[in-house]
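Scroll down for the structure; my scribbles are underneath it.
Just so it is clear, the structure is predicted and the values come from calculations on it, not from any experiment. Heads up: numbering here begins at 1 and tracks the sequence.
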Amino acid sequence: MILECDIGNTRCKWRVVGEGAEENRGAFDCADGFGELPSLDGIRRVKVSSVAGSTVNEELTRTLASAKLEIEFARTSPLKAGVENAYADASKLGVDRWVAMIAGYNRCRGPVLILDAGSALTVDLVAANGKHLGGYITPGIQLMKSSLLAETDGVRFDRHNHSSGTAFGTDTASAVHAGVVAAQVGAAIVAIEEAGRKVSAGFAILLTGGDANVICTNLPATISAEVTMVPELVLDGLQWVLP
């Protein structure tokens with residue numbers, strides 16, 4: 001069996017795959033450590049995509065060392081599984097974006113726009129020939145809220161207690177919550193429009209990440225109908241990055 005992990009800036013998503021089928025899955029906050037990983041009995045490989053710092057990666061390494069398991073970390077590269085990296089220095093592209101692009105391109109076998117709504121909202125476009133055409137990086141919902149709390153004196157609200165719509169707010173908290181959702185939805189719409197200018201019509205749109213549902217439910221119906229939700233896109237990409 002294979003343990004696959006997608007470690008972001010705040011969360012770790014994992015699943016166990018055996019004989020081509022998923023056996024189990026889960027998620028937890030990285031700040032809580034790795035005690036919530038599944039039993040390692042029967043695990044023969046560990047594949048990881050991580051954008052966390054060295055402290056988190058070292059803690060995971062120590063956790064798995066007790067079971068005599070070595071981690072295979074995904075790395076970005078100039079070319080992999082039919083996708084060509086647009087960055088002059090391939091190593092500077094976030095590995096989560098790289099793995100998601102590879103998963104999306106090999107899933108669709110054609111032009112694809114990938115939106116990953118996590119701590120940051122990232123957007124990447126891959127052409128029909130596999131060439132990465134670039135993308136966007138913007139703060140995600142929680143980062144936007146944290147920035148307002150940190151950089152202003154008069155804007156005060158509970159960033160964890162909120163609605164997920166875009167209706168105008170009638171107090172500070174509801175105005176902030178609606179505003180950051182609107183910003184995310186707006187960025188997604190602009191990205192889709194920009195993708196349409198760069199590639200021919202008919203490109204796939206894949207949406208993943210912890211806040212994907214918030215964005216999708218607030219997109220105009222004509223756009224959301226074209227979006228495919230893929231909750232584990234980064235985990236899906238590990239099969240091509242680490243075959």
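Pairing each heavy atom of Leu3 with each of Cys5, the nearest pair is CG-SG, 4.0 Å. Annotation for Cys30 and Gly8: closest pair SG-O, 4.3 Å, computed over non-hydrogen atoms. The two residues Ser77 and Ala90 make their nearest non-hydrogen contact at C-CB, 3.6 Å. The minimum heavy-atom distance linking Leu235 with Trp14 is given by the pair CD1-C, 4.4 Å. Summarising the geometry of Tyr105 relative to Asn129, their closest heavy-atom pair is OH-C, 3.6 Å, with the distance given to 0.1 Å. The shortest non-hydrogen separation linking Ala178 to Ala167 is CB-O, 3.2 Å.
Lys13 contributes a side-chain N or O that, together with a main-chain N or O of Pro231, makes up a donor-acceptor pair within less than 3.5 Å. In this structure a side-chain-to-backbone donor-acceptor pair under 3.5 Å is missing from Asn106 to Trp240. Distance alone, capped at 3.5 Å, is enough to place a donor-acceptor pair between the Thr63 side chain and the Glu59 backbone. Under the 3.5 Å distance criterion, the side-chain polar atoms of Asp171 are matched with a main-chain donor or acceptor of Ser174.
The line from OG1 of Thr55 to CD of Glu58 is 6.0 Å long, rounded to the nearest 0.5 Å. To the nearest 0.5 angstrom, Lys68 atom NZ is 13.5 Å from Leu40 atom CG. Atom CG of Leu113 sits about 12.5 Å away from atom CD of Glu226, to the nearest 0.5 Å. To the nearest 0.5 Å, atom CE of residue Met144 and atom OG1 of residue Thr138 are 4.5 Å apart. Atoms CZ and CD1, from Phe203 and Ile114 in turn, are 12.0 Å apart once rounded to the nearest 0.5 Å. The OG atom of Ser224 sits 12.5 Å away from atom CD1 of Ile215, with the distance rounded to the nearest 0.5 Å.
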Handout entry: side chain to side chain contact (heavy atoms under 4.5 Å, CB included) evaluation trace for Met101 with Leu93
Key = CA-CA 11 Å; Met101 277 192 280; Leu93 178 73; 3.5 Å; yes
Exercise for the section: Evaluate the criterion side chain to side chain contact (heavy atoms under 4.5 Å, CB included) for residue pair Asp6 and Glu232; output intermediate values, then yes/no. Expected result: CA-CA 9 Å; Asp6 170 15; Glu232 297 181 343; over 6 Å; no
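Counted within 6.0 Å of CZ on Arg25, heavy atoms from surrounding residues, nucleotides or ligands total 12 or fewer; the atom is thus considered open.
Judged as a salt bridge (charged side-chain N to carboxylate O under 4.0 Å, His left out), the pairs with a partner in residues 93-102 (not counting sequence neighbours) are, in order, Arg97-Asp124.
Thr228 meets the side chain to side chain contact (heavy atoms under 4.5 Å, CB included) test with Arg107, Leu206, Val230; sequence neighbours excluded. For Asp236, the side chain to side chain donor-acceptor pair (under 3.5 Å) test picks out Arg15, with sequence neighbours left out. Every side chain to side chain donor-acceptor pair (under 3.5 Å) that Ser91 has, sequence neighbours left out, goes to Asp89. Not a single side chain to side chain donor-acceptor pair (under 3.5 Å) links Arg62 to another residue, sequence neighbours left out. Legend: residues meeting side chain to side chain donor-acceptor pair (under 3.5 Å) with Ser50, ordered by chain and number and at least two apart, are Asn57.
Leu238 and Leu60 are not part of a single hydrophobic cluster, where members link through side-chain heavy atoms under 4.5 Å apart. Linking ILVMFWY side-chain heavy atoms closer than 4.5 Å, directly or via other members, places Leu115 and Ile223 in a single hydrophobic cluster. Leu242 is not connected to Leu64 by any chain of hydrophobic side-chain contacts under 4.5 Å among Ile, Leu, Val, Met, Phe, Trp and Tyr, and they are in different clusters. Cluster annotation: Ile7 and Val95 are assigned to distinct hydrophobic clusters (Ile/Leu/Val/Met/Phe/Trp/Tyr, side-chain heavy-atom contacts under 4.5 Å, transitive). Criterion: ILVMFWY side-chain heavy atoms under 4.5 Å apart, direct or through other members. Under it, Ile189 and Ile141 are part of a common hydrophobic cluster.
Looking only at side-chain heavy atoms (C-beta outward), Met1 and Val17 stay at 4.5 Å or farther from each other. At least one side-chain heavy atom of Phe34 sits less than 4.5 Å from a side-chain heavy atom of Val56.
Partner of Asp116 under the side-chain contact (heavy atoms from CB on, under 4.5 Å) criterion, out of Leu233, Leu121, Val234: Val234 alone.
Between His132 and Tyr87, the ring planes lie parallel to each other; the angle is under 30°, not in the 30° to 60° tilted range.
We find that Glu72 and Arg45 are joined by a salt bridge, their nearest charged nitrogen and carboxylate oxygen being less than 4.0 Å apart.
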